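See below for the structure under consideration.
Every chain is numbered from 1, with letters handed out A, B, ... down the list of sequences. Because the structure is predicted, anything quoted here is derived from the model rather than measured.
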Number of protein chains: 2
Amino acid sequence: MDELLKIDEVANQTGLSKRTIRYYEELGILPSPERSGGGTRLYKQKHVKFLKRISAAKEVLGFTLQELQEFLSLTEMLESQKEEYKKVSDPQEQKAKLTEIIKILDGELEIIEQKIRRIHTVQTELVTLRERARALIELKNNE
Amino acid sequence: MDELLKIDEVANQTGLSKRTIRYYEELGILPSPERSGGGTRLYKQKHVKFLKRISAAKEVLGFTLQELQEFLSLTEMLESQKEEYKKVSDPQEQKAKLTEIIKILDGELEIIEQKIRRIHTVQTELVTLRERARALIELKNNE
DNA sequence: TTAATATTTGACGTTGACGTCAATGTCATT
DNA sequence: AATGACATTGACGTCAACGTCAAATATTAA
């Protein structure tokens, strides 16, 4: 199968608002779904998955919507690389493009690692706070 | 010692703009520093450290400034717990308060862990993309 | 087929987190 | 005491990322 979903259902499944979903389509972030005869948007599961992925990336990496678009175009470039593009253009140029993609990915991976390190710092701080609080309670119990 | 810094210096050391620094003070996030006779703000190193900590928490956890305030009030509560507060109010109430603090901290720690897991998901995704790109290059080399 | 309910488009509103500008005052140096 | 570089306050501006509302259709259930 592959049920057709209306926007309200998609909103429920993704946790995004209907406005947001339309907005993402308007920005070109979300591929336009089919329409019914009357013009109602009809989504498939792939749209739901897509929305979940990108909203995760946005939240987690703190991406703006613009950065999200750039991020997505990377994936696209790789897709296009695999298909028709493969036999069309200059192989030298293709390799250059791939190398550039890898560079960008390396950059983003580094940002992620930095982010993880910083999260751990904050995490440690919070754990310390908790320990202090617990110690205080203990102290009160033994008096 | 403990040099007195003017706002421009603080901005340089923290990477925040002067506007942002004043804004944080206005919101009550950053403790007001001393002033010179003429009214110029004079910061100490503790202000710099403080700003670094909170901007890290903001970036990393995606805290809004309001959440940041709540987060900071937690630390304050723990501080007050250790000092005068200790002998003033009802010990029963104090324990209740501490327990609540711990609860909140647990909540935030859980959020952090969730966030870390999600980051890893995105990280994995990016690594996969990179592998694909590398494989494509290899393919082109062997043809 | 007629409600009741949901969807679409367009447009304007909102909010957070600052940026920017102007007028005025301060600091450091000469 | 004058000059040039920075600081302060207040106010308005801005930008992203939606929220909200209205008027016109569409869809679904009875």
Side-chain angles (χ1 to χ4, degrees), chain A residues 3-45 47-48 50-73 111, chain B residues 1 3-45 47-48 50-73:
Chain A
E3 290 274 329
L4 293 174
L5 312 169
K6 289 198 282 184
I7 197 165
D8 201 49
E9 187 55 28
V10 176
N12 283 337
Q13 289 190 30
T14 59
L16 300 173
S17 75
K18 295 187 275 186
R19 174 70 170 94
T20 299
I21 295 169
R22 293 197 196 98
Y23 181 57
Y24 284 7
E25 180 184 348
E26 187 186 331
L27 290 186
I29 290 176
L30 179 68
S32 298
E34 295 173 52
R35 301 281 188 132
S36 72
T40 300
R41 272 166 259 248
L42 299 173
Y43 298 91
K44 300 185 180 168
Q45 276 303 321
H47 293 101
V48 173
F50 187 82
L51 282 172
K52 282 184 181 171
R53 273 184 54 217
I54 64 175
S55 63
K58 183 170 136 60
E59 271 185 57
V60 161
L61 304 180
F63 276 12
T64 68
L65 294 178
Q66 208 187 17
E67 288 167 323
L68 217 51
Q69 284 177 326
E70 291 161 17
F71 172 75
L72 289 174
S73 79
I111 291 177
Chain B
M1 37 180 108
E3 291 273 330
L4 292 174
L5 311 170
K6 288 199 280 187
I7 197 165
D8 200 49
E9 186 56 29
V10 176
N12 283 336
Q13 290 191 29
T14 60
L16 300 172
S17 76
K18 295 188 274 186
R19 174 69 170 97
T20 300
I21 294 169
R22 293 196 195 98
Y23 181 56
Y24 284 8
E25 179 184 347
E26 187 186 329
L27 290 186
I29 290 176
L30 180 68
S32 297
E34 292 175 53
R35 300 281 188 132
S36 73
T40 301
R41 273 166 259 249
L42 299 173
Y43 299 91
K44 300 185 180 170
Q45 276 303 322
H47 293 102
V48 173
F50 186 82
L51 282 172
K52 282 185 181 170
R53 273 183 54 217
I54 64 175
S55 64
K58 184 171 136 58
E59 271 185 57
V60 161
L61 305 181
F63 276 13
T64 68
L65 294 179
Q66 208 188 17
E67 289 168 323
L68 217 51
Q69 285 177 324
E70 291 161 17
F71 171 74
L72 289 174
S73 79

Measure from the side-chain heavy atoms of [X] and tell me the nearest of [options].
X     : options                : answer
B:T64 : C:dC18, C:dA11, C:dA17 : C:dA17
B:S17 : C:dA11, C:dC18, C:dT26 : C:dC18
A:T40 : D:dA7, D:dA17, C:dT8   : C:dT8
B:Y23 : D:dA7, C:dC27, C:dA17  : C:dA17

Atom [atom1] of [X] to atom [atom2] of [N]: distance rounded to whole Å?
X     : N      : atom1 : atom2 : result
B:E26 : D:dT9  : CD    : P     : 10 Å
A:L65 : D:dC18 : CG    : C1'   : 9 Å
A:R35 : D:dT27 : CZ    : P     : 11 Å
B:R19 : D:dT9  : CZ    : P     : 11 Å
B:L27 : C:dA17 : CG    : P     : 8 Å
B:I7  : C:dC18 : CD1   : P     : 13 Å
A:I54 : D:dA17 : CD1   : C1'   : 13 Å
A:E25 : C:dT9  : CD    : C1'   : 12 Å

I'd like to know if B:R41 reaches the base of D:dT8 with its side chain, counting only an N/O donor and acceptor under 3.5 Å.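 Flag unset: no donor-acceptor pair detected.
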Can you check side-chain contact (heavy atoms from CB on, under 4.5 Å) on B:K44 and B:L4, steps first, answer last? CA-CA 5 Å; B:K44 300 185 180 170; B:L4 292 174; 4.0 Å; yes
For a quick test of reading the model: is some side-chain N or O of [X] closer than 4.0 Å to OP1 or OP2 of [N]?
X     : N      : answer
B:R22 : D:dT8  : yes
A:K6  : D:dT28 : yes
B:K58 : C:dC18 : yes

Using a 4.5 Å cut-off on heavy atoms from C-beta on, say whether the side chain of A:L5 contacts that of A:Q45.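 Touching, per the 4.5 Å side-chain cut-off.
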Tell me, do B:R41 and B:E25 make a side-chain contact under 4.5 Å, heavy atoms counted?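 Yes, side chains in contact.
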Apply side-chain contact (heavy atoms from CB on, under 4.5 Å) to residues A:L30 and A:Y43 and explain how you reach the verdict. CA-CA 11 Å; A:L30 179 68; A:Y43 298 91; 4.0 Å; yes
Using heavy atoms to find the nearest nucleotide of DNA chain D for A:Y24 and B:K18 separately, return the residue whose nucleotide is more 5′.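 That would be B:K18.
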Check step by step if side-chain contact (heavy atoms from CB on, under 4.5 Å) holds for A:S55 and A:T14. CA-CA 9 Å; A:S55 63; A:T14 59; 6.0 Å; no
